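Everything below concerns the one structure shown next.
Note that the structure is predicted; figures quoted are calculated from it, not measured. Below, each value reflects all heavy atoms present in this structure, side chains not excepted, and no hydrogens, waters or symmetry copies.
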Amino acid sequence: MSWFDILQRSFFDWDSMAEVLPNMLMVGLKNTLILAVASTLLGIVIGMVLAVMGISRAAWIRLPARIYTDVFRGLPAIVTILLIGQGFAGIGRQIFGPSPYPLGILALSLIAGAYIGEIFRAGIQSVERGQLEACRALGMTYPKGMRLIVIPQGVRRVLPALVNQFIGNIKDSSLVYFLGLLASERELFRVGQDQAVVSGNLSPLMLAGIFYLVITVPLTHVVNAIDGRLRTGRRVSTVTSGLEEVRELDETAAGNPSDEGKEAGLPMAIRGARLDIVGLDMAYGDFKVLRGVSLQAEAGTITCVIGPSGSGKSTLLRCLNRLAEPVSGDIRLDGQSVLGMKPDLLRRRVGMVFQQFNLFPDHTAIGNVELALREVQGLSTAESRRIAEERLAEVGLATRMNHRPIDLSGGQQQRVAIARALALKPELMLFDEVTSALDPELVKGVLNLMARLGKSGMTMVVVTHEMNFARRVADQVVFMDEGRVVEAGSPDAIFDNPQSPRLQRFLSEML
Ligand SMILES: Nc1ncnc2c1ncn2[C@@H]1O[C@H](COP(=O)(O)OP(=O)(O)OP(=O)(O)O)[C@@H](O)[C@H]1O
């Protein structure tokens with residue numbers, strides 16, 4: 001007999017394969033899928049609990065999750081399966097009857113949970129900090145921001161790794177036969193192995209191997225395709241030049257002529273609050289970032305904060321909506337101290353726009369704007385949508401409401417972020433270097449929008465390096481250095497008649 005014939009008889013004996021095929025399908029495949037699906041689902045539940053524990057700030061919550069993960073990831077799967085399957089056999093019999101099958105699922109889940117927990121944790125921690133900050137700035141509580149934005153984004157990022165885990169469970173399910181499964185519970189491997197003994201060749205086992213590959217290989221490719229699609233959504237190609245964007249915005253402004261009490265392009269009537277900051281101190285550990293900052297902003301005015309890098313401008317802004325907590329001093333909105341308010345209630349009154357936009361990438365432009373209206377303000381879906389459409393139209397994005405952030409230019413993204421903050425009708429708006437991340441030709445559109453907003457009655461505090469903007473639109477300009485307000489006054493006083501040598505030097509470098 002030739003080598004070819006010997007190999008064919010051993011591995012590809014069609015008769016042996018045909019004989020085992022019905023059993024392979026009806027018993028083996030069914031049981032393998034039940035074992036793998038059930039243990040992955042239970043593993044996902046265990047993994048999610050472990051991941052949430054693992055990112056807790058409390059060490060006593062993190063520690064048990066760590067120990068669990070180390071133990072179940074460190075032990076060989078077969079050891080865990082035997083320890084659980086045989087160690088708990090008596091209890092298992094009382095609960096589940098003579099079948100060791102449920103204990104097999106439990107053992108596989110405990111192992112999968114340890115890996116899935118680490119996968120989830122890595123995914124959640126890979127979501128940019130700005131996403132949670134944006135949630136909090138919109139008035140969401142920490143758990144709500146995690147549930148609605150951070151965890152779904154993190155989980156989506158690790159979808160391929162989760163599928164790998166499912167594939168791992170399909171393969172590990174072949175170890176469960178060590179528990180002595182009943183004939184009706186045999187999985188693919190066991191069916192193949194038993195028949196191999198009967199037929200005297202390896203063909204039934206080969207067929208089991210082919211079944212494993214038929215399940216796992218296409219699955220990997222399908223999930224990679226789904227992952228790619230989820231990552232970007234349906235891409236819309238819209239290349240708009242920055243100059244075109246400015247024209248669009250100008251048209252929006254002209255298309256909404258001012259009514260009584262309403263400004264061009266921003267028909268929403270806004271009532272700004274008066275802001276008083278009194279002797280504010282803030283420190284990161286021992287490092288004092290703000291030192292006795294005091295300043296007032298009348299309702300409906302624009303205050304531009306300028307100063308060198310590291311002077312504490314962003315920190316001051318973050319104290320105003322309590323993304324950073326001051327050490328001492330006071331902040332008052334219309335005379336009411338914000339330090340006694342619940343932060344999420346305060347943030348419904350104080351909107352914030354960030355340098356990096358921090359839009360939610362999985363949501364469209366309109367989805368970004370309506371989310372907090374629904375989830376924070378509790379408005380109906382229809383009402384949230386109506387308001388979101390209005391706000392987006394006002395910032396010149398009526399035709400791009402269904403675009404995802406990835407399909408918008410930086411300037412358009414920043415305008416969505418402004419619309420998102422405006423939708424909650426804040427009394428005070430904070431802008432943290434909102435044009436610094438934009439290409440130069442996109443800056444003008446955003447600045448023009450902010451200038452229009454400033455005329456609408458909104459109180460605005462704007463941290464900016466755009467000196468021309470500050471000179472043109474600010475009611476007052478505040479110069480900060482080393483955590484202190486060094487000089488504050490009208491744009492003319494600050495830019496044309498600076499008093500302190502530090503401001504003079506700063507301006508000579510900036511202008
Ligand atoms: N989370 C933090 N932990 C520790 N130090 C921080 C933190 N955030 C900011 N700082 C430090 O606090 C100081 C003030 O930072 P802040 O961002 O408020 O300054 P800034 O004037 O806004 O600067 P820039 O214009 O560069 O953003 C800097 O020295 C910065 O390194």
CZ (Arg73) with more than 12 external heavy atoms under 6.0 Å: yes

Lys144 atom NZ, neighbour heavy-atom count above 12 within 6.0 Å: yes

Closest approach of [X] and [Y], non-hydrogen atoms and distance?
{"X": "Ala417", "Y": "Phe357", "answer": "CB-O, 3.9 Å"}
{"X": "Leu316", "Y": "Leu290", "answer": "CA-CD1, 3.7 Å"}
{"X": "Leu280", "Y": "Ile277", "answer": "CB-CG2, 3.8 Å"}
{"X": "Asp330", "Y": "Ser337", "answer": "OD1-OG, 2.7 Å"}
{"X": "Arg322", "Y": "Val338", "answer": "NH1-O, 2.9 Å"}
{"X": "Lys313", "Y": "Met480", "answer": "CA-SD, 4.1 Å"}

Taking atom [atom1] of [X] and atom [atom2] of [Y], what is their separation to the nearest 0.5 Å?
{"X": "Leu219", "Y": "Ile170", "atom1": "CG", "atom2": "CD1", "answer": "6.5 Å"}
{"X": "Met429", "Y": "Thr459", "atom1": "CE", "atom2": "OG1", "answer": "11.0 Å"}
{"X": "Leu392", "Y": "Ile366", "atom1": "CG", "atom2": "CD1", "answer": "6.0 Å"}
{"X": "Leu373", "Y": "Lys425", "atom1": "CG", "atom2": "NZ", "answer": "10.0 Å"}
{"X": "Arg347", "Y": "Leu428", "atom1": "CZ", "atom2": "CG", "answer": "13.5 Å"}
{"X": "Ser174", "Y": "Arg186", "atom1": "OG", "atom2": "CZ", "answer": "14.5 Å"}

Side chains of [X] and [Y]: is there a donor and an acceptor less than 3.5 Å apart?
{"X": "Ser314", "Y": "Asp432", "value": "yes"}
{"X": "Asn368", "Y": "Arg420", "value": "yes"}
{"X": "Arg374", "Y": "Thr381", "value": "no"}

Check this for me, if you would: do [X] and [Y] make a salt bridge, where the nitrogen-to-carboxylate-oxygen distance has to be below 4.0 angstrom?
{"X": "Glu389", "Y": "Arg386", "answer": "no"}
{"X": "Asp194", "Y": "Arg190", "answer": "yes"}
{"X": "Asp334", "Y": "Arg271", "answer": "yes"}
{"X": "Glu394", "Y": "Arg391", "answer": "yes"}
{"X": "Arg66", "Y": "Glu118", "answer": "yes"}
{"X": "Lys288", "Y": "Asp281", "answer": "no"}

I'd like to know if the side chain of [X] reaches the main chain of [Y], judged simply by a donor and an acceptor atom lying under 3.5 Å from each other, with no hydrogens or angles considered.
{"X": "Gln413", "Y": "Pro405", "answer": "yes"}
{"X": "Arg121", "Y": "Met48", "answer": "no"}
{"X": "Gln356", "Y": "Asn358", "answer": "no"}
{"X": "Asn31", "Y": "Ser184", "answer": "yes"}
{"X": "Arg62", "Y": "Ser56", "answer": "yes"}
{"X": "Tyr115", "Y": "Leu162", "answer": "no"}
{"X": "Ser409", "Y": "Gln412", "answer": "yes"}
{"X": "Thr315", "Y": "Val289", "answer": "no"}
{"X": "Gln414", "Y": "Phe354", "answer": "yes"}
{"X": "Thr40", "Y": "Phe166", "answer": "no"}

Test side-chain contact (heavy atoms from CB on, under 4.5 Å) applied to Met450 and Val462, step by step: CA-CA 9 Å; Met450 288 165 66; Val462 183; 3.6 Å; yes

Can you tell if the side chain of [X] reaches within under 4.5 Å of the side chain of [Y], non-hydrogen atoms only?
{"X": "Glu133", "Y": "Arg318", "result": "yes"}
{"X": "Thr32", "Y": "Tyr212", "result": "yes"}
{"X": "Ser173", "Y": "Leu108", "result": "yes"}
{"X": "Arg400", "Y": "Leu408", "result": "yes"}
{"X": "Pro426", "Y": "Met458", "result": "yes"}
{"X": "Phe360", "Y": "Leu148", "result": "no"}
{"X": "Leu453", "Y": "Leu422", "result": "yes"}
{"X": "Leu35", "Y": "Asn169", "result": "no"}

Stepwise side-chain contact (heavy atoms from CB on, under 4.5 Å) check, Arg332 with Leu275: CA-CA 6 Å; Arg332 297 186 201 121; Leu275 171 69; over 6 Å; no

Trace of the side-chain contact (heavy atoms from CB on, under 4.5 Å) decision for Leu132 with Arg136: CA-CA 6 Å; Leu132 188 58; Arg136 293 169 66 207; 4.1 Å; yes

Pair Val463-Leu430, side-chain contact (heavy atoms from CB on, under 4.5 Å): steps then yes or no: CA-CA 8 Å; Val463 169; Leu430 312 174; over 6 Å; no

